[in-house]
Amino acid sequence: MRLSELFFATLRDDPADAEMPSHRLLLRAGYLRQLGSGLYSLLPLGFRVNKRVEQVIREEMNAIGCQELEMPVIHPADLWRESGRYDLIGPEMARFKDRGDRDMVIAMTHEEVVTDLLRDIIRSYRQLPVRLYHFQTKFRDEPRSRGGLIRVREFVMKDSYSCDRDDEGLDASYWAHHGAYVRIFERLGLEAIPVASDVGMMGGSLAHEFMVLNPAGEDVLVLCDACGFSANRQVASVKVPLVDLGPALPVEEIETPDTTTIADLAAFLGVDATRTAKAAFFMAGDGRLVTAIVRGDRDVNETKLSNVAKVSGGLRPATVDEIHAAGMEPGYGSAVGAHDTFVVVDEIAAASPNLVAGANRVGYHLRNVNLGRDFQADLVADIDNAREGDACPVCGHPVILRNGIEVGNIFKLGTRYSAALGATYLGEDGQAHPIVMGSYGIGLGRNVACIVEAHHDEKGIAWPDEVAPYPAHLVSIGTNKEPRVGELAKELHDGAAAAGREILWDDRDDSPGVKFNDAELLGMPWIITVSPRSLAAGGVEVTRRATGQRSVMPLDDARAWLTGSGPAPHLTEPASVASQAASESAGTRS
RNA sequence: CGGGGCGUAGCGAAGCUUGGCAUCGCGCGUGCUUUGGGAGCACGAGAUCGUGGGUUCGAAUCCCGCCGCCCCGACCA
């Protein structure tokens, strides 16, 4: 591909709206253009990267016996009504009516459609297991897109679905995907950590997310250096030491002026925050006031709370009026004497006797409050929010917290959809059984962005070989001085293309500085320079983009390499200090 | 949806406080020179200043509404 003919444009200045390196570089290097919030066009270069990522995924999916198919982007709303998600999902799903006034939706995922196919096609246990996947556009009207391709509204996802007879089969499918995902991310050059995760809107029983560490990540991971434990904070249960405060003592009301925070209260009374109880109030989408009680030194994890309280429609902070209506007082609140509220007590607080809790009266708290005697819980559960330094649940070593970007996820759905839609098979026992399903996703664009996040330096992108849009970037210099340069560049370019291994050739009439800078910005793994100087040195100069290592390659070797009949350059020269630093910052960022 | 910021040529910005000819750099076109690290000179094209209304003799600038984009939060596979 001649650069002079490529549909692209590089930008010398950073785009004002791009903050993340991947966003900035993909725009600057001409891989991407924005159409609207969370809507991007892939230019030819970006499209090629996407296709290469897709191919890696396709190969690994095929390798575990997944069959590729394609399902529509537009679905009849009735199908989503059958699963119950039509009403469950809010404005995130786009809805419209077709010309026949029928309700339709734009797909945000494909569980419903694949289950519809299953109930049509699967009759007998003999047809199971089956694993299906496709690459298809999803539209999710996110409240807020961000970070270029990191979070968008329209994107292509590889989603696969496993269909088994029983939990044992599902387990095999699940771990087959787990293995395939490990291989996929390794091939893509991503250090993805599988973490136990929340099942979210998908429903189901077990889920892992594959996370790439990144300061701009939207998820918080709880990690243990010592034993390798990893979990999303939304599900992480760390070990928190309990404080034994002895047998229950009588309740005592005490005056505690101006102590609306735990810090103020603990300071005022001269007690540790671990000896207090904290109340947090939420209004659920289903209309319930949810009161969460945690030990004073801990915080509520809203995802956990939402899950254990089986909240539909989400949680929001309650208003003062709503709290008053349940007989409680913000700042001096507790579940003591509360009514018309769903009380969830964290396990740590539940195991802590004689806590200082709010008296539900401005300026007063209660000493020696005990669960069961002084207030009741509708539910005792883990709603604790893990913190850096807490003890690892596996080995007890202090955990660390890191931000991560989710590059893939795997879910055990079970019979959530097959039961709702009536996708059953006849078992050996002659009875109908719901198909046991799993669902597995990888967002292509987000992975492309994460690859750039992990493989770039201050000059630009440095694609791993596996996903680079072209294997090499040929720079011809000094064609005016030496006609052989242009002839040779054309020969190398045309030869590679004829061999089906197209390379990029910067044939533009620009100065060497412009060409080198663009080559480094675009990020092909190899930069090949043809110039009078390289010819005098005996061939072409080859530079490894990621490390800056370079050497001269004889012409015949270069021809052989580029046409696929010879090996890639072997670089013996050590990388310079500067380029080593560059490659380190590029390679270890993840 | 709450908080903050920003919309001026393809990109990046100045001008706005204090109303008075639409600016700068890069990029782009033509010509000549130049060609191993973002070249030089000359000429040139390109902007209804996001949008609608208002105030005013006069609005990029002041006032009101709307739209769009980015960041933080809420939310979220």
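Everything numeric here is computed off the predicted structure, so don't read it as measured data. Each chain gets a letter, A, B and so on, in the order its sequence line appears, and its residues count up from 1.
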Whom does [N] pair with, Watson-Crick or G-U wobble, provided both distances fall under 3.5 Å?
N      : answer
B:rC16 : none
B:rG36 : none
B:rG52 : B:rC64
B:rG44 : B:rC28
B:rC69 : B:rG5

(request) Kindly assign one of parallel, tilted or perpendicular to the pair A:His110 and A:His134, based on the angle between their ring planes and the thresholds 30° and 60°. (result)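 The rings of A:His110 and A:His134 stand perpendicular, inter-plane angle above 60°.
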(message) Reading RNA chain B from 5' onward, which residue's closest nucleotide shows up sooner: A:Thr10 or A:Leu35?
(response)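 In this pair, the answer is A:Thr10.
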(request) Would you mind telling me which residue lines up with the more 5' stretch of RNA chain B, A:Val514 or A:Asn480, judged by nearest nucleotide? (result) A:Asn480
Nucleotide nearest [X] when distance is taken to its side chain, options [options]:
X        : options                : value
A:Phe516 : B:rG36, B:rC70, B:rA77 : B:rG36
A:Arg144 : B:rU35, B:rC72, B:rG12 : B:rC72
A:Glu92  : B:rG36, B:rC76, B:rC70 : B:rC76
A:Ser511 : B:rA39, B:rC70, B:rA74 : B:rA39
A:Ala16  : B:rC76, B:rG12, B:rU35 : B:rG12
A:Asp17  : B:rU34, B:rA77, B:rC70 : B:rC70
A:Arg146 : B:rA77, B:rG37, B:rC75 : B:rC75
A:Arg533 : B:rG36, B:rG38, B:rG12 : B:rG36

If I take atom [atom1] in residue [X] and atom [atom2] in nucleotide [N], what distance separates them, rounded to the nearest angstrom?
X        : N      : atom1 : atom2 : value
A:Met108 : B:rC75 : CE    : C1'   : 12 Å
A:Glu458 : B:rG38 : CD    : C1'   : 15 Å
A:Glu302 : B:rA74 : CD    : P     : 8 Å
A:Asp219 : B:rA77 : CG    : P     : 10 Å
A:Leu305 : B:rC75 : CG    : C1'   : 15 Å
A:Arg151 : B:rC69 : CZ    : C1'   : 18 Å
A:Leu149 : B:rC70 : CG    : C1'   : 16 Å
A:Asp509 : B:rG29 : CG    : P     : 11 Å

(request) Kindly indicate whether the side chain of A:Arg140 and the base of B:rA77 share any N or O donor-acceptor pair separated by less than 3.5 Å? (result)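 Donor-acceptor pair under 3.5 Å: yes.
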(message) Counting distance alone, no hydrogens or angles: does the base of B:rG12 have a donor or acceptor under 3.5 Å from a partner atom on the side chain of A:Arg24?
(response)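 Per atom types, no contact qualifies.
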Run the side-chain donor-acceptor check on residues 482-489 of chain A: report pairs under 3.5 Å with partners two or more places apart or on a different chain.
from     : atom 1 : to       : atom 2 : distance (Å)
A:Glu482 : OE2    : A:Arg484 : N      : 3.1

(message) OP1 or OP2 of B:rC70 versus the side-chain N and O atoms of A:Gln34: is any pair under 4.0 Å?
(response) yes
(message) Please tell me if A:Lys481 has a side-chain N or O lying less than 4.0 Å from either OP1 or OP2 of B:rU34.
(response)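 So the side-chain polar atoms of A:Lys481 never come under 4.0 Å of the phosphate oxygens OP1 or OP2 of B:rU34.
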(message) Measuring only between side-chain heavy atoms, which start at C-beta, is A:Asp159 closer than 4.5 Å to A:Lys138?
(response) yes
(message) Measuring only between side-chain heavy atoms, which start at C-beta, is A:Leu190 closer than 4.5 Å to A:Glu453?
(response)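 Heavy-atom side-chain distance check fails, nothing below 4.5 Å.
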Assign [X] to base, sugar-phosphate, or nothing according to its heavy-atom contacts below 4.0 angstrom with the strands shown.
X        : value
A:Ser476 : nothing
A:Gly90  : nothing
A:Arg28  : base
A:Pro317 : nothing
A:Gly441 : nothing
A:Asp14  : sugar-phosphate
A:Gly30  : nothing
A:Thr479 : nothing
A:Glu209 : nothing

(message) I want to know whether A:Trp175 and A:His208 have ring centres closer than 6.0 Å.
(response) yes
(message) Under 6.0 Å between ring centres: does that hold for A:His178 and A:Phe210?
(response)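 Ring centres of A:Phe210 and A:His178 closer than 6.0 Å.
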Protein N or O to nucleotides 22-26 of chain B N or O, pairs below 3.5 Å:
from   : atom 1 : to      : atom 2 : distance (Å)
B:rG25 : N2     : A:Asp13 : OD2    : 3.2
B:rC26 : O3'    : A:Arg12 : NH1    : 3.4

(message) Taking atom CD as the centre, does A:Glu218 end up with more than 12 heavy-atom neighbours from other residues, nucleotides or ligands that are less than 6.0 angstrom away?
(response)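 Check passes, neighbour count above 12.
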(message) Could you check whether atom CZ of A:Phe47 has more than 12 heavy atoms from other residues, nucleotides or ligands sitting under 6.0 Å from it?
(response) no
(request) Determine which pairs satisfy side chain to side chain donor-acceptor pair (under 3.5 Å) with at least one residue from residues 36-47 of chain A, sequence neighbours left out, and list them in order. (result) A:His23-A:Tyr40, A:Ser37-A:Ser145
(message) For A:Ser534 and A:Thr529, which I'm curious about, is there any donor-acceptor pair between the side chains at under 3.5 Å?
(response)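 Distance-only check fails for A:Ser534 and A:Thr529.
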(message) Would you say the base of B:rA77 stacks on A:Phe155 (centre-to-centre below 5.5 Å, plane angle below 30°)?
(response) yes
